[in-house]
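Both counts, for ligands and for their atoms, begin at 1 and track the order of listing.
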Amino acid sequence: MKKGIFIPSNRTNTEKTLNGLSFNSGAPKLGFVLLLLLYIASFVAVVRTSISAGSSMLFGQAIPYHSLTGAFSSFGSLCIIFLAVFYGKTGYFLSLALILTQFPMILTGMFAQQSFTNIAGFFTNLLTLLAIILLRANMSKVEKYQTRLRNQAVTDQLTGLPNRFACSELMGDLVRRNEKFVIAVLNLNNFKNINSTMGEGTGNALLVEIAARWRDIADRGVSGTLDFVTRQGGDEFALIIRNCDSDENIRKTLTYYEAALRNKLTVEGCDYFLTASIGYAVFPADGGSSDVLLARAYSALAEAKRANAGDSIHRFRDDLPTAEHALETERRIRSALEENRLFFHLQPQYDISHRLRGFEALARIKNPDGSLLSPGEFIPVAEKAGLIDKIDYTVFRDAAGFLGKLIRQTHTDVTLSVNVSVKYLMKNDFLKEVQGILDTCGVPPSQLEVEITESVMIDSVEKALQCIGELKKMGLRIAIDDFGTGYSSLSYLNSFPADTLKVDKAFIDKMNTGEASRQYVAAIISIGHLMGFDVISEGVEEQSQLDTLREIGCDYIQGYVWGRPMPPEAAEELLAAPTH
Ligand code: C2E
Ligand code: CA
Ligand code: CA
């Protein structure tokens, strides 16, 4: 039988679901029936033996049946005590009823037959009654304590939502019961920025408010499906959806949760507008176990994040990179590093009148079969696996060495841009390694530019700024990469000692689709100039984009329209050509 040990009144959907989780169920039902039957059998035996004058031979001795009455009676009491101890309130009240009905029978027997031989039975029952009352009182205390512990075990302390453990318990239950469900993971976009700029207190208050909104939707069942929201940790939530029959249904429900964020969130007088990315997987279509389903929902979430401004809800697809895929990629990176299969290509950068400014070094990995692994795939894996510093260092060292050789041959003054991930920048040995490269490559520092994504301004301002200051002191140039994709504020930008701003390809792609998009790029370029930066537009593919960029005053261009990434030998030829 199920013991409603979490919350006594089963009011909301969430509470109902928590109460129904299998780890709440008590002793097996079969035991309850068995104890009751044993009790009835021992009761019949007590009645039969007490009035029997017969006897039976055992080990050569005649044993009178009535001498067994006491043993049967004690056995019956034991059954009653077990019922009261293991079967909660139902067991307790049943055993009370059973024991209390015995008293009139014993008393009537004693008075009707004017025989007080059963006085022992009377006291046995009285003691049993006392025992079950005391045991029950004690059990109630233990159960209350257990309830509190279990509540804590399944509740997220900050938001009061069920937690990650409750989520995996429910998924396990549904998989065992073979019931169709959806597991969706919801992650707030750019929440890290709020924590780092407004403080953790504000971040927590926002999480509490969002949790309350989402729990309200789940509890009232307004989405039309049976939902269960949990907090997985940080700014990550999970949603288990039941009673949904079509993909359309699922999307409708998820849109409800997404829309709940559209109303502004106000904390300490400040308004916040947050959005979420959502990835989901369906049981049994997308996976047969909770672990696989959750991992697949996370892959879909990563895809939703990658889609950025596009669709924020994604379902798992077979061709998405999965955790296994990431492991395979990690293995390939490691072996490439060991076997020197990491190399670089150079993509030319031009000024707006098509004069060569320099090259950006881009990492490449060759698989043993000769095929190339794309940086879009291996860079994020390398960052997670702690291998990015080796990649960045190797590309930096080799590309700088290559340019050094060209300078000795041709005295070229072109710039070499290298990508430095925030993880590498924060590494203790970073500055020492850069100094080592400078000492050996033979390139003047002014011809070297370090590209750092603007996420550095959000993640780790202090230490990053210090390192960047040191790079500047060494004489290197600094470029802010992928500008516009993060949420860095103007005040950060102002204090950032950069020389170059690289406008992300996403803005260039959209630039010619409408006046507003064009104005937006024009505004970024103006701000860049106001702060004294050179501006490079990335991912320029078409002549029409070039024309627009020329009109709005962009300084430099990097894109397929004038040059794709190429092997160093091709870059050398390009440099040797009379007009680059
Ligand atoms: P990124 O730093 O923004 O580099 C520019 C990327 O855009 C390159 O992709 C380049 O090939 C591509 N691209 C340039 N022009 C065009 C264009 O006109 N159209 C299109 N469709 N694409 C264009 P790639 O080489 O695949 O690199 C992808 C990203 O990987 C880079 O983006 C950078 O974030 C990262 N990456 C590459 N090499 C390194 C490295 O050595 N270290 C680190 N930390 N990251 C690297
Ligand atoms: Ca770059
Ligand atoms: Ca870029």
So, Phe316 versus His314, ring centres under 6.0 angstrom or not?
-> no
From Asp499 CG over to Leu501 CG, what is the distance, rounded to the nearest 0.5 angstrom?
-> 11.0 Å
How long is the gap from CG on Leu471 to CD on Gln466, to the nearest 0.5 Å?
-> 12.0 Å
Are there more than 12 heavy atoms of other residues, nucleotides or ligands under 6.0 Å from atom CD of Glu515?
-> yes
Are [X] and [Y] linked by a side-chain donor-acceptor pair shorter than 3.5 Å?
{"X": "Thr266", "Y": "Asp271", "answer": "yes"}
{"X": "Asp286", "Y": "Tyr280", "answer": "no"}
{"X": "Asn163", "Y": "Thr230", "answer": "no"}

Please confirm whether Arg364 makes a cation-pi placement over Phe343, using NZ or CZ under 6.0 Å from the six-membered ring centre and within 45° of the ring normal.
-> no
Sub-4.0 Å heavy-atom environment of ligand 1, residues by chain | Gln347, Glu360, Leu362, Ala363, Arg364, Pro375, Ile379, Ile388, Asp392, Val395, Asn419, Ser421, Asp481, Asp482, Lys505, Glu538, Gly539, Val540, Glu541, Gly559, Tyr560, Pro565
Angle class for the Trp562/His354 ring planes (parallel below 30°, perpendicular above 60°, tilted otherwise)?
-> parallel
Cut-off under 3.0 Å, centre the Ca ion (ligand 2), protein N/O/S atoms = Glu360 OE2, Asn419 OD1, Glu451 OE1, Asp481 OD2
